[in-house]
Number of protein chains: 2
Amino acid sequence: MGRRTKDESAQTRETILDAAEIEMQARGVSQTSLNRIAQRAQVTRGAIYWHFADKRALLEAMVARTHLPLRDLRQCLSQHIPGNEPLWLLREVMRHGLERLGNDPRHRRVCHIVMHRCEVTDEGHPADALMRAMFEDAREVIMSLCNEIKQLGLLHSQLSARDASDMVMAFVAGHYECVLRHPETHVADRDWGPLVDAALRGLMNDPTQAMLTRAPAAEIQEPEPADH
Amino acid sequence: MGRRTKDESAQTRETILDAAEIEMQARGVSQTSLNRIAQRAQVTRGAIYWHFADKRALLEAMVARTHLPLRDLRQCLSQHIPGNEPLWLLREVMRHGLERLGNDPRHRRVCHIVMHRCEVTDEGHPADALMRAMFEDAREVIMSLCNEIKQLGLLHSQLSARDASDMVMAFVAGHYECVLRHPETHVADRDWGPLVDAALRGLMNDPTQAMLTRAPAAEIQEPEPADH
DNA sequence: GTATACATACATTCGCGTATGTATGTTCGA
DNA sequence: TCGAACATACATACGCGAATGTATGTATAC
């Protein structure tokens with residue numbers, strides 16, 4: 001088979017990435033040979049080595065396809081939340097983070113691979129880099145929101161803004177862990193609202209409780225993932 | 001080197017397991033060859049193959065060294081908690097689960113390996129088996145405690161016992177995730193009390209809040225891990 | 001015609017499993 | 001009690017498959 005058109009080439013690239021996602025999710029990154037990926041994508045290893053330098057670069061491209069900076073989400077949300085209250089913003093950030101597990105299969109697959117199907121070893125590994133990038137990105141946004149909340153005096157007296165941030169991060173990370181590792185008992189396609197509220201309730205002081213009982217529930221549209 | 005005494009042999013076995021822990025934590029399970037482990041343990045691959053059938057069995061033995069069923073912890077705790085209140089029991093279970101991260105280096109290393117340094121693939125894999133065993137074990141204990149708490153009417157009206165159990169599991173799993181994956185920002189050797197209380201506060205109804213503000217803080221001794 | 005988009009073929013490496021060698025502890029009969 | 005026979009606890013050596021990376025072939029789009 002000789003040279004193909006540009007569009008076909010780009011399509012081949014996507015097909016390879018799709019195949020890599022599926023194979024790596026099933027067998028793990030190191031246990032998935034480039035040959036297996038090629039077979040599923042109906043190409044040969046030559047095609048893979050044409051589009052990607054090596055396995056590492058392939059993984060890198062795979063995770064790059066789905067990386068949506070949380071900063072963008074905050075930007076988007078803050079334009080839709082009335083009054084820009086940090087507590088509601090935080091609440092929506094948490095909900096959207098969890099709901100993406102249920103309605104974005106690609107994000108779910110890539111997170112699954114990066115979290116549980118990949119041995120993180122040396123620095124600079126694409127999976128590790130993605131995890132740290134997402135984590136740091138989320139932590140920055142959440143930490144700033146928690147600081148604002150603390151400033152407003154909404155936080156429980158025993159908790160620092162840092163504590164609250166840690167709790168929120170652990171809350172989301174923990175549910176990601178449960179849903180991805182134990183899908184047979186933990187389903188992602190559920191109403192996360194009550195759980196998010198319960199988590200926040202524990203972080204706030206008593207007078208804030210009333211606020212959290214009534215749900216603002218503004219409908220918000222997802223921002224498009226930036227492809228570059 | 002010829003035959004060694006029984007005690008020396010057992011010592012060799014432990015040395016190999018120690019070396020495997022360190023190497024696998026540093027480089028990941030599949031990236032750690034038996035040769036590397038042998039070198040660190042100052043033996044040859046022959047010694048490893050004498051003590052263990054293969055790499056899988058080695059991993060299995062490694063995780064078996066640190067597996068402490070949560071049921072035992074509950075047994076132990078329930079004898080020390082005055083009145084056997086399920087809420088305090090739950091609180092202590094959560095605290096001990098998190099504190100073990102700080103004061104049991106071996107548990108910490110093995111959890112790190114099993115959670116982040118191992119590609120879980122086929123069923124029956126020792127790492128996957130351990131994860132599921134620990135998870136199911138913990139879920140059973142926590143679920144029963146949540147049921148008791150629900151029976152007592154302490155739970156928030158919007159939450160089922162199952163919801164509460166999910167929250168507690170995610171809370172612990174999430175902090176494990178944060179501490180093990182991002183040790184530079186999340187330290188395990190801290191006072192988990194306020195965070196545990198915050199998590200529980202969100203799950204309980206208003207009248208229960210007062211109970212959670214005063215700390216029972218009974219000193220409890222760890223149960224010995226059963227070696228068999 | 002030429003760069004492209006692959007397929008094919010080949011060399012090399014690497015880790016695993018096993019077969020075998022060997023020196024020493026252990027046991028048991030005389 | 002003492003030494004031979006056996007079992008043990010490794011070390012060494014070898015064969016194998018599998019995966020990687022690269023070099024080269026080739027047909028087609030531009």
Side-chain angles (χ1 to χ4, degrees), chain A residues 1-20 22-24 26-62 113 117-119 121-122 124-127, chain B residues 1-20 22-24 26-62 113 117-119 121-122 124-127:
Chain A
M1 197 184 306
R3 183 179 179 184
R4 323 191 64 173
T5 179
K6 268 199 160 186
D7 285 353
E8 286 173 326
S9 172
Q11 176 62 37
T12 299
R13 189 188 136 101
E14 294 300 305
T15 306
I16 291 172
L17 289 175
D18 290 340
I22 295 177
E23 289 294 327
M24 285 179 174
R27 255 165 288 275
V29 171
S30 76
Q31 298 301 321
T32 299
S33 67
L34 296 183
N35 200 25
R36 283 202 80 101
I37 298 174
Q39 282 182 356
R40 174 171 288 271
Q42 311 259 45
V43 294
T44 63
R45 276 173 47 243
I48 298 181
Y49 274 102
W50 171 254
H51 285 284
F52 310 99
D54 53 6
K55 203 180 188 178
R56 187 194 208 89
L58 173 63
L59 226 189
E60 213 155 325
M62 220 186 68
I113 291 172
R117 297 293 191 258
C118 182
E119 297 174 4
T121 92
D122 44 359
H125 195 288
Chain B
M1 198 186 305
R3 185 180 178 183
R4 323 191 62 173
T5 179
K6 269 196 162 186
D7 285 352
E8 285 173 327
S9 172
Q11 176 62 38
T12 299
R13 190 187 135 101
E14 295 298 306
T15 306
I16 291 172
L17 289 175
D18 290 340
I22 295 177
E23 288 294 328
M24 285 179 174
R27 253 165 289 275
V29 171
S30 77
Q31 297 301 319
T32 300
S33 68
L34 296 183
N35 199 25
R36 284 203 79 101
I37 298 174
Q39 282 182 355
R40 175 171 288 271
Q42 310 260 46
V43 294
T44 63
R45 274 172 50 245
I48 298 181
Y49 274 102
W50 170 254
H51 285 284
F52 310 99
D54 53 6
K55 203 181 190 178
R56 186 195 208 88
L58 173 62
L59 226 189
E60 212 156 324
M62 220 187 69
I113 292 171
R117 297 293 191 260
C118 182
E119 298 175 3
T121 94
D122 45 357
H125 195 289

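No experiment lies behind these values; they were computed from the predicted model shown.
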* Asked: Going through the checks in order, is the side chain to side chain contact (heavy atoms under 4.5 Å, CB included) test met by Asp18(A) and Arg40(A)?
  -> CA-CA 9 Å; Asp18(A) 290 340; Arg40(A) 174 171 288 271; over 6 Å; no

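With sequence neighbours excluded, the residues satisfying side-chain contact (heavy atoms from CB on, under 4.5 Å) with Thr12(B) are Arg4(B), Ile16(B), Val43(B), His51(B). In this structure Ser30(A) satisfies the side chain to side chain donor-acceptor pair (under 3.5 Å) test together with Ser30(B), Glu119(B), sequence neighbours excluded. For Arg36(A), the salt bridge (charged side-chain N to carboxylate O under 4.0 Å, His left out) criterion is met by Glu23(A), not counting sequence neighbours. Taking Thr15(B) as the reference, Gln11(B) meet the side chain to side chain donor-acceptor pair (under 3.5 Å) condition, with sequence neighbours excluded.
Within residues 38-53 of chain B, the residues approached by DNA chain D to less than 4.0 Å at the level of any non-hydrogen atom are Val43(B), Thr44(B), Gly46(B), Ala47(B), Trp50(B), His51(B), in residue-number order. Within residues 7-16 of chain A, the residues having any heavy atom under 4.0 Å from DNA chain C are, by residue number, Ser9(A), Thr12(A).
Nearest heavy atom pair, residue Asp54(B) against residue Tyr49(B), reads CA-CE2, 4.4 Å.
The shortest distance between the side-chain N/O atoms of Thr5(A) and the OP1/OP2 oxygens of dC30(D) is below 4.0 Å.
Nucleotide dC16(C) holds its P atom 8 Å from the CG atom of Asn35(B), rounded to whole Å. Between Lys6(B) atom NZ and dA9(D) atom C1' the separation is 13 Å, expressed in whole Å. Computed from coordinates, the Arg36(B) CZ to dC14(C) P distance equals 12 Å when rounded to whole Å. Atom CG in Leu58(A) sits roughly 15 Å away from atom C1' in dA19(D) (whole-Å rounding). Regarding Arg4(A), its CZ atom lies at a distance of 16 Å from the C1' atom of dC30(D), rounded to whole Å.
For dA5(C), the base has no donor-acceptor partner in the side chain of Arg3(A) [N/O atoms by modelled type, under 3.5 angstrom].
Taking every side-chain heavy atom of Leu34(A) into account, dG21(D) is the closest of dG21(D), dA9(D), dC30(D).
Inter-residue side-chain proximity for Leu59(B) and Met62(B) is flagged as met; some heavy-atom pair is nearer than 4.5 Å. Put simply, the side chain of Lys55(A) does not reach to within 4.5 Å of the side chain of Ile48(A), judged on heavy atoms.
When atom types are taken as modelled, the side chain of Thr32(A) and the backbone of Gly28(A) share a donor-acceptor pair closer than 3.5 angstrom.
At the heavy-atom level, Asp54(B) lies under 4.0 Å from the strands shown only through sugar-phosphate atoms.
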